[in-house]
Amino acid sequence: MLQLFANVLITASVALLVAVSFSTVYWVARFFHFALGGIIVAGAYCAYAVLNLVPSSPILAVFGAALGGGLLGVTLEVLVHRPLRLRGAAGSGFLLASLGAYIVIINSVSLVWGEQVRILAVARLSHVISMFGVRITTVQACEVGLAAATAICAWIALAGTRAGRAFRAVACDAVLARVVGIDAILVHVVALVAGSMLAGVVGLLVAADVDVRPGLGFPLLLLGVTAALLGRPGRVSSLVAGAGIVSIGQNLGAWFFGMQFREAITMLILLATLYLRRRVISAHLSQRVAEF
Amino acid sequence: MWTMNRGKTQVLLGGLAIAVATVGAFLVSGCGRGASGLRIGVLFPMTGEAGSYGEKGRDAVLLAVDEVNASGGVHGQPVRAFFEDSKADPATGMSAARKLISADRVNAIEGDIVSAVTLAVAPIAESNHVVLLSPTSSAPAIADAGEYVYRIWPSDLEEGRAIATYAATAGYRRAGVLYMNNDYGQAIAGIFKSRFHELGGGVVSLEGYQGSDSDFRPFLAKLRSSRADVLYIAGYFADTATIVRQAREVGITVPLLGTTAIEDPQFLNLAGPAAEGIVYPLATGFDPSTGDPVGSAFVKAFRSRYRREPGWVEAHSYDAFKLLCYVAERSQIPLTGEELRRGLDNMGAYQGVTGSIRFDRNGDVVKPVVLKVVRGGRFARLR
């Protein structure tokens, strides 16, 4: 039972990290950033490439993953999102473009590295920590630690800093935010870069825990999006709760019904969320995609 | 009036252009099945969950093409391979097979690596009288898939029974089974369960997983509480490697059993030390450790070209292609499906890199099953 609790905590940590990455774009730019799944994969492969050059250097791998994720996020903003925004595209246009970007990223990764499953060199450095009958690896401990740190930093930043207040203002109403002198473009870019860098690092951590494959991103995205939609825009505590609910659902569902139903359970939670919170979600999305 | 006439003229010209292009395309591509030069369609999963297997198979087929053409081709003409991606999806495989048959006019199809696609494509091959030779499909149902369907990988029946018999005779009584939720995993897990039960054992935990799954800890946590004394993993090498690593991480120390599919150098790389001691049946005949000359020559050529060791996917893909060329060379021109089918039925024993290949009346091969183990980071025979 304790091991089950540990598994729930680990899954919830990954879900929270992806939810935070997703939400930084979703809250500010008001569209479903599907390409985040591709950014997660790109981060994992950037780390893989760095480790091929400099084996046994986890710090460099983290930098590589974060840099790769951030650069890809900026590239998508310049090539995809900004042109759509300038044309006054509706949210559905952004959704489709983001989905297309995800497909392009995954296929590009497959073209460059192939479909073969690979293992990160740092995975071999990971060892098992055993306490009170619970066993987790050092990589999993890093996932939990990073998720906790991210949640605390995000909460402090949103609640107690100027930057956080500016972020909340733009998330609430970008046009009004500009009227009161907030640089909405800067907020948007910083949020995008931060979210993309975090997504890259998530890719590295999950790849170090499991393996590297082109299909790594979508299950994580599903997990994170469900957790994010369960929460309320602008509230980190609700993201934490959402991540917990999704993780409990997945792990208990796998325990009682079988592993093959895990993604189906996540999808059911997502559908239920979209239905039960449809007013909140549609109110958030129906405001025009921010004009910058 | 002039505008209406101009519109009609444009429509007529457009229709004529389309008709000419269509006829032209058929004429160009139609220089195929009836004409000289063996054309083999290669239907492999190049992308998706099984994409890594398709890539390995493609590498081996390309080597085979070059070798055949370097020694004069078939009937003096170069052989051509037409690759299509099935994505390991039956519907996609069927579309691809139709394209290979009608547009590329292939004489035979090598494929698929995945049983589900082979079973889906079999009726198309049958109705078009095109030989379908699978390098690695193992589902028992393929034995009855048609007169034009062959395979050089033994049925799951052989492998599943062999590993279950080993588990029972080794003294295990409570097996946990984790299987990939596709035709292959379901079939082989079912055969294991049935045979293990016949011999007095019982399956205490039985669960399936999707090919895209990478976190098996929920099942492994349950397995710990089921007090199983052995764990049988009915999957491919990549997922088995992940399961094996995670099993050791969560503290599962029971012996592990795997499938023939794990005998691939990538398995050892992915699983690392966690793979030590896993026992599996080798039902296919490709065993580089025996040093047989045909197999060794293939391994040397493959290593020289691709700078890596070939596994069972590569060996079978290579053999299947070479076998089709061998049979075509001994068949009469034109190389119709009927001619190739007759050739495969009457060819006797073909010595390939995967051992001696002889088809029974169902187009199946029978090969002896040997048990192997991972010992010292290498594949070795179990003594």
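So you know, we letter chains A, B, ... as the sequences are listed, proteins then strands, and number each from 1.
Looking at B:Thr47, both its backbone and its side chain come within 4.5 Å of chain A, counting heavy atoms on both sides. Proximity to chain A involves both the backbone and the side chain of B:Asp213, based on heavy atoms less than 4.5 angstrom apart. Only the side chain of A:Arg213 comes within contact range of chain B, with heavy atoms under 4.5 Å apart. The parts of B:Asn269 that come within reach of chain A are both its backbone and its side chain, each placing non-hydrogen atoms under 4.5 angstrom from that chain. Heavy-atom distances place no part of A:Gln250 under 4.5 Å from chain B, backbone and side chain included. Residue contact with chain A, scored on non-hydrogen atoms closer than 4.5 Å, is absent for B:Tyr53. Interface residue B:Glu249: backbone and side-chain heavy atoms are both found under 4.5 Å from chain A. Proximity to chain A (any heavy atom under 4.5 Å) is restricted, for B:Arg248, to the backbone atoms N, CA, C and O.
At a threshold of 4.5 Å between non-hydrogen side-chain atoms, the residues B:Leu63 and B:Phe302 count as touching. B:His316 places none of its side-chain heavy atoms less than 4.5 Å from the side chain of B:Glu110.
The most heavy-atom pairs under 4.5 Å with chain B, out of A:Asp209, A:Asn251, A:Leu216, A:Ile136, come from A:Asp209. Ranked by non-hydrogen atom pairs under 4.5 Å with chain B, the options A:Val128, A:Val210, A:Asp211 are led by A:Val210. Your options are B:Ser214, B:Gly51, B:Gly208, B:Gly272, and the one with the most heavy-atom pairs under 4.5 Å with chain A is B:Gly208. Counting heavy-atom pairs closer than 4.5 Å to chain A, the top residue among B:Ala221, B:Pro273, B:Ala241 is B:Ala221.
Between B:Glu276 and B:Arg375, no side-chain nitrogen of the basic residue sits less than 4.0 Å from a carboxylate oxygen of the acidic one, so the salt-bridge criterion is not met.
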B:Asp59 and B:Arg305: salt bridge (Lys or Arg N to Asp or Glu O under 4.0 Å), yes or no, with the steps? CA-CA 9 Å; B:Asp59 288 348; B:Arg305 178 166 171 149; over 6 Å; no
Report the C-alpha separation of B:Phe196 and B:Phe192 in whole Å, then their side-chain angles, then the decisive distance to 0.1 Å, and conclude whether the ring pair (Phe, Tyr, Trp, His ring centres under 6.0 Å) test is met. CA-CA 6 Å; B:Phe196 195 57; B:Phe192 174 90; 5.3 Å; yes
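Under a 3.5 Å cut-off, the side chain of A:Thr137 and the backbone N or O of A:Gln140 do form a donor-acceptor pair. Proximity of a side-chain donor or acceptor of A:Tyr48 to a complementary backbone N or O of A:Val212 within less than 3.5 Å is not detected.
Considering every non-hydrogen atom in both A:Ala12 and A:Ala243, the closest pair reads O-CB, 3.5 Å.
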